Protein chains: 2
Amino acid sequence: MENSRQSPDTLLPKLAAHVLEHGLAGASLRPLAKAAGTSDRMLIYHFKSKDGLVTALLEHVAQMYSQALEMAWPTEPAATRRECAQRLLAIGRAPMFAPFLRLWWEIVAGAAKGDAAYRASAAAMMDSQLAWFEAHLPPDDPDPKAGARLVALAVEGSLMMDALGLGEVGEAGLAALEG
Amino acid sequence: MENSRQSPDTLLPKLAAHVLEHGLAGASLRPLAKAAGTSDRMLIYHFKSKDGLVTALLEHVAQMYSQALEMAWPTEPAATRRECAQRLLAIGRAPMFAPFLRLWWEIVAGAAKGDAAYRASAAAMMDSQLAWFEAHLPPDDPDPKAGARLVALAVEGSLMMDALGLGEVGEAGLAALEG
DNA sequence: GACTACCTGTAGCAACTGCTACATTTCGTT
DNA sequence: AACGAAATGTAGCAGTTGCTACAGGTAGTC
């Protein structure tokens with residue numbers, strides 16, 4: 001079945017799928033290789049080192065995330081920032097985003113520790129998200145750029161609360177947004 | 001120097017200090033033991049297993065965090081929610097909180113993965129923080145509970161942006177808070 | 001066919017992982 | 001002083017970690 005030659009480009013999707021399901025921090029070469037239909041030997045060959053693998057993987061995941069955002073059904077414009085944030089939270093809570101969010105918090109943790117690759121990936125994903133948020137603000141928003149940032153803070157905060165099992169805190173907070 | 005008998009209570013502070021500096025996810029028994037002046041053998045003896053250690057450590061860190069919050073100098077009440085959030089962000093950015101925040105994102109990641117111990121620790125820390133936030137809202141706030149939640153979302157979101165190296169995004173977002 | 005560049009499997013190494021068996025010391029109690 | 005429980009040191013085990021040396025295979029080009 002897996003008889004064609006592999007390359008980083010053919011490996012990355014399978015590796016990303018494995019990482020989305022099992023996490024990135026604890027991923028070691030042999031399980032990753034098995035999931036991608038190769039050997040640890042070949043992963044090192046293609047990516048030079050595990051650091052190289054992780055860096056490539058983070059870039060790939062950031063790209064996947066941007067594309068996933070673009071494909072998420074565009075809601076018709078919301079009337080207020082509050083409503084906008086609530087809709088975006090609902091989208092972020094959709095099951096298809098759950099693996100991304102699990103991975104997202106790992107990436108945030110890595111970035112907080114100062115790792116450059118994690119930080120670059122996180123910044124890329126956040127930039128996509130900010131742009132997407134800005135595009136979904138109410139069309140009459142007085143300051144879309146600042147509004148998108150405020151909404152992003154609130155939505156990300158809510159998603160964090162979700163991760164902690166405190167979803168209601170996020171909902172109550174968003175309900176208190178002006179609008 | 002370290003000739004007295006050890007117990008979980010005497011070990012936990014040193015273990016927590018090590019974890020605050022070096023992270024929790026990658027902490028293994030031998031380095032932890034060395035930092036606490038013991039052996040891996042004794043860590044297992046006192047905490048039964050590494051899971052037991054981590055659970056105890058997470059509880060301890062949550063307690064430390066509550067106490068650290070109580071000791072953070074209480075600002076005089078802010079005039080608006082926005083000003084309140086901005087002050088709280090400034091406090092969260094103080095150097096003394098940096099190790100806590102690094103660890104915090106690790107805990108969030110662990111909680112997002114569904115680990116019960118991480119989730120409990122995170123919820124405890126978040127509860128402390130919500131109460132503290134509520135106590136620092138403007139005294140004339142119409143709905144302190146909801147307000148504290150909104151401020152928490154915004155401040156946590158800003159701190160996340162800080163972790164990603166996007167501090168300005170947090171600042172711009174907070175500036176757009178009503179008030 | 002020969003040459004070359006890329007790709008891959010096998011085997012293994014040194015370090016580290018959590019944990020344990022066994023022996024010994026330390027201490028409070030009697 | 002004697003006893004039992006709690007605490008500790010030494011040594012090691014089985015499994016995993018990232019990575020490598022070596023030997024081949026596989027393709028395209030001349």
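Note that the structure is a prediction, hence the values are computed from the model and not measured. So that the names make sense, note that chain A is the first sequence line, chain B the second, and so on, each numbered from 1.
If you take CG of B:D51 and P of C:dT17, they are 16 Å apart, rounded to a whole angstrom. For B:R41 and C:dA21, the CZ to C1' distance is 9 Å, given to the nearest whole Å. The separation between B:H46 atom NE2 and C:dC19 atom C1' is 16 Å, rounded to whole Å.
Listed candidates were C:dC19, C:dG9, C:dG12. Nearest to the side chain of B:S49 is C:dC19. Side chain of B:S28, nearest nucleotide from C:dC16, C:dT26, C:dC19: C:dC16. Listed candidates were C:dC13, C:dC19, C:dT8. Nearest to the side chain of B:R30 is C:dC19. With distances taken from any side-chain atom of A:R5 to the nucleotides C:dC22, C:dG18, C:dC6, the minimum falls on C:dC6.
The aromatic rings of B:F97 and B:Y65 sit perpendicular to each other, their planes meeting at more than 60°, with 30° as the lower class boundary.
First and last contacts of DNA chain D with chain B, using any nucleotide atom under 4.0 Å from a protein heavy atom and ordered 5' to 3', fall at D:dA6 to D:dG12.
Sorted by first and then second residue, the pairs that involve residues 130-142 of chain B and meet side chain to side chain donor-acceptor pair (under 3.5 Å), not counting sequence neighbours, are B:R81-B:D141.
The residue A:A27 sits close only to the backbone: its heavy atoms come under 4.0 Å of sugar-phosphate atoms, none of a base.
Under the 3.5 Å distance criterion, the side-chain polar atoms of B:R87 are matched with a main-chain donor or acceptor of B:E76.
Expressed to the nearest 0.5 Å, how far NE2 of B:H46 lies from OG1 of B:T10 amounts to 7.0 Å.
Sparse packing is recorded around CD of A:E21, with 12 or fewer heavy atoms of other residues, nucleotides or ligands lying under 6.0 Å away.
Where A:I44 and B:Y45 each meet DNA chain D at their nearest nucleotide, the meeting point lying more 5' is that of B:Y45. With DNA chain D read from its 5' end, the first of the two nearest nucleotides for B:T38 and A:K50 is the one closest to B:T38.
For the pair B:E106 and A:K113, the salt-bridge criterion is met [side-chain N within less than 4.0 Å of a carboxylate O].
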